[in-house]
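To start, the structure under review is shown below, and the notes come after it.
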Amino acid sequence: MSTQAPDPFTTLLDLNSGSLDPERKVVERRLSDMAGMHLEGYADGTADTVIYSVHEIPVPTTNSNLMSSTTVIQPGKVGQEYYMTKGHFHNIRDRAEIYIGLSGEGCLVMATEDGQYTVETIRRGTINYVPGGWAHRSVNVGDEPLVFFAVYPGDAGYNYGTIEEEGFPVLVVAGEDGPEVVPNPRYKDAAASEAG
Ligand code: S6P
Ligand code: ZN
């Protein structure tokens, strides 16, 4: 079939842990994979710490299929900045996405290439809409794992390079009274991010 539709199938999602049955493709991201993404460097000896895992339900990567995954971000901080995902635009920029919060407390930072941004809440029961053209990064601001489910067109793909080079306009940091959104001093500052 030209749409490459798979046969119908069902997956069991553990709403607390984010694990799937059956598990098909799990990607783990460690502090070493996040080098340069937090404002501060991570502490010596912590490079192998797993920050988040993505449990994907793979389908053919066509526009007629819906890819989905569960992300589990561990609680923790690098300096004052919370553990978070790398963040990305979709490779096909106009592809949208939906996040459904399952457990934990988090933020979804979204930004356009020209610097518009918004920071939304992720928690059990939230449904976040990520429009096409908005880069997105999720941040665990709580003490428990942050778990959310994502659905997106099968051909959306990932563009990590733009965020790696430019960052997001804002950071989410631990303030005296809880999470705070602050300007990113290195936003679009290539020289600073290379030095950092
Ligand atoms: C995919 C979707 C999520 C992320 C996951 C990890 O479009 O937005 O499944 O891939 O939350 O984030 P990242 O930025 O490392 O891919
Ligand atoms: Zn995405």
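Counting starts at 1 for both ligands and their atoms, following the listed order.
Between the CG atom of Leu31 and the CD atom of Gln74 there is a distance of 11.5 Å, given to the nearest 0.5 Å. Between Leu66 atom CG and Glu97 atom CD the span is 11.0 Å, to the nearest 0.5 Å. Asn159 CG to Ile92 CD1: the interatomic distance, rounded to the nearest 0.5 Å, is 11.5 Å. In this structure, CE on Met37 lies 5.5 Å from CZ on Arg137, to the nearest 0.5 angstrom. Atom-to-atom distance recorded for Lys77:NZ and Asn140:CG is 10.5 Å, nearest 0.5 angstrom. Atom CZ in Phe149 sits 12.0 Å away from atom OH in Tyr99 (nearest 0.5 Å).
In this structure, Thr62 and Asp155 have side chains that are not in contact, with every pair of non-hydrogen atoms separated by 4.5 Å or more. Inter-residue side-chain proximity for Pro6 and Pro60 is flagged as met; some heavy-atom pair is nearer than 4.5 Å.
Each protein N, O or S atom less than 2.8 Å from the Zn ion (ligand 2) was counted, giving 4.
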(message) Pair Ile57, Arg24 - check side-chain contact (heavy atoms from CB on, under 4.5 Å), show working.
(response) CA-CA 6 Å; Ile57 303 177; Arg24 295 185 179 85; 3.8 Å; yes
For ligand 1, output the ligand-protein N/O contacts shorter than 3.5 angstrom; if there are none, return none.
| unit_1 | atom_1 | unit_2 | atom_2 | d |
| --- | --- | --- | --- | --- |
| ligand 1 | 7 (O) | His88 | NE2 | 3.3 |
| ligand 1 | 7 (O) | His90 | NE2 | 3.1 |
| ligand 1 | 7 (O) | Glu97 | OE1 | 3.0 |
| ligand 1 | 7 (O) | Glu97 | OE2 | 3.1 |
| ligand 1 | 8 (O) | His88 | NE2 | 3.2 |
| ligand 1 | 8 (O) | Glu97 | OE1 | 3.1 |
| ligand 1 | 8 (O) | Glu97 | OE2 | 2.9 |
| ligand 1 | 8 (O) | Tyr99 | OH | 2.7 |
| ligand 1 | 8 (O) | His136 | NE2 | 3.3 |
| ligand 1 | 9 (O) | Ser69 | OG | 2.8 |
| ligand 1 | 11 (O) | Thr71 | OG1 | 2.7 |
| ligand 1 | 14 (O) | Gly87 | N | 2.8 |
| ligand 1 | 14 (O) | His88 | ND1 | 2.9 |
| ligand 1 | 15 (O) | Tyr52 | OH | 2.5 |
| ligand 1 | 16 (O) | His88 | ND1 | 3.2 |
| ligand 1 | 16 (O) | Tyr160 | OH | 2.5 |

